[in-house]
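Okay, so here's the structure we're looking at.
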Number of protein chains: 2
Amino acid sequence: MSSDELFGAVSHPLRIEIVKALAERPLRFADLKRKLRISSSGLLDFHLKKLDDLITTNEEGCYSLSGRGFAALTTVESAARYYRLRSAQKRSFLLNLVVVTLGNIITLWVASQQNNYALWYAAVLPVTLAWMIFYSYWTIVKRRIRLWQ
Amino acid sequence: MSSDELFGAVSHPLRIEIVKALAERPLRFADLKRKLRISSSGLLDFHLKKLDDLITTNEEGCYSLSGRGFAALTTVESAARYYRLRSAQKRSFLLNLVVVTLGNIITLWVASQQNNYALWYAAVLPVTLAWMIFYSYWTIVKRRIRLWQ
DNA sequence: TTCAGTTGTCAACAAATATTGACCTTCAAG
DNA sequence: CTTGAAGGTCAATATTTGTTGACAACTGAA
């Protein structure tokens, strides 16, 4: 099953509903009709046939998701969660930046109390700086996450 | 844009090709025609219009992916390998752990050269420890990412 | 000026998809 | 035996999608 076939299979609201319903638990024909508020048997039949690769029936006539069906479900959910995920990655980066900056400020303050900045110069600053440069490259260039706008 | 609209947009092989081509670099109308071996302008026009939400054009007439377009691309790729994202998050955590640990080791080594551990005790250790505890909680509990097995 | 290439739009049609409603069989309860 | 529900199939039709080919405005080079 190629990508476009998978997308074709779940490119109708009713079929997405069917996949989600069957992910919860296996259902029979009439159960599905009731659950999705479909009045026409023909309509459900049509969409079930479109989902052929994604569902299986057991010996009792219950429909459930096949392996491909669960893969499709993951894809559907990842599409829905995508923006949340990216904004989480963005938050992760900004939080890291705040922690590193605060860490440097605290370290510098403690160093100033002792009038000994060598440790900050030699260790804390280079390590945190190198980390943030790498993390920035990874976030902005590799993941293409826009931190502004 | 709902899930089924996103899937509808990329449920045709040619449109998947277009999204992949534009992910590489922005292209103009004729460039796309040549690259995808399309003879009819009308055909390309039809599919570009279907991809309306996923692409933008700049002032020079170049088509490129919009934010949603990159989201769609990620979905297409996740359909093929949907677990890669989680393994990236796992790598991110482990890398952070290595960096923090190395940072502490380097800081400790520099401190030992000066025989002054106060800075490490008072600043570096508490900050990095607090960060890793929070990050662990977030990764393991919230994201449910399994670092072992 | 002409010619080729770019960048499309549009009408027409073919093909696929979505929906409805009629119809069928089986089975169990009243 | 009748009734009604389950579990569908099928034909007809409406709507959308996909494709072709004609056309047109603009641009730059010969």
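Within every chain, numbering begins at 1; the chains are lettered A, B, ... in the order of the sequence lines, protein sequences first and strands thereafter. Note that these values count all heavy atoms, side chains included, but never hydrogens, waters or copies made by symmetry.
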Legend entry - Under 3.5 Å: donor-acceptor pair, side chain of Arg28(A), backbone of Glu60(A): no
Inset, instruction - Taking only the side-chain nitrogens and oxygens of Tyr63(B), find out if one of them lies under 4.0 Å from OP1 or OP2 of dT6(C). - result: no
Inset, instruction - Calculate the interatomic distance between Arg28(B) atom CZ and dG8(C) atom P; express it in whole Å. - result: 10 Å
Inset, instruction - Evaluate the criterion side chain to side chain contact (heavy atoms under 4.5 Å, CB included) for residue pair Val10(B) and Asp4(A); output intermediate values, then yes/no. - result: CA-CA 6 Å; Val10(B) 288; Asp4(A) 60 290; over 6 Å; no
Legend entry - Heavy atoms of other groups near Lys33(A) NZ, more than 12 under 6.0 Å: yes
Inset, instruction - Take atom CZ of Phe134(A) as the centre, draw a 6.0 Å sphere, and report whether it contains more than 12 heavy atoms from other residues, nucleotides or ligands. - result: yes
Identify the pairs formed between an N or O of the protein and an N or O of nucleotides 15-23 of chain C at a distance under 3.5 Å, and give each distance.
from	atom 1	to	atom 2	distance (Å)
dT17(C)	OP1	Lys50(A)	NZ	3.2
dT17(C)	OP2	Lys50(A)	NZ	3.3
dT17(C)	O5'	Lys50(A)	NZ	3.3
dA18(C)	OP2	Arg15(A)	NH1	3.0
dT19(C)	OP2	His12(A)	NE2	3.4
dT19(C)	OP2	His47(A)	NE2	3.2

Inset, instruction - Could you tell me whether Lys49(A) and Asp52(A) have a side-chain N and a carboxylate O separated by less than 4.0 Å? - result: no
Inset, instruction - Describe, in one word, how the ring planes of Tyr135(A) and Phe93(A) are oriented to each other, choosing from parallel (under 30°), tilted (30 to 60°) and perpendicular (over 60°). - result: perpendicular
Inset, instruction - Let me know, please, whether Lys49(B) or Arg34(B) comes out on the 5' side of the other along DNA chain C by nearest nucleotide. - result: Arg34(B)
Legend entry - Arg68(A) and Glu5(A) ion-paired at < 4.0 Å: no
Legend entry - First-last contacting nucleotides on DNA chain D - partner chain A, under 4.0 angstrom, heavy atom: dA6(D) to dC10(D)
Inset, instruction - Ignoring hydrogens and angles, tell me if any N or O in the side chain of Thr128(A) forms a donor-acceptor pair with the backbone of Thr101(A) under 3.5 Å. - result: no
Inset, instruction - Using atom CD1 of Ile38(B) as one end and atom P of dT6(C) as the other, report the distance to the nearest whole Å. - result: 14 Å
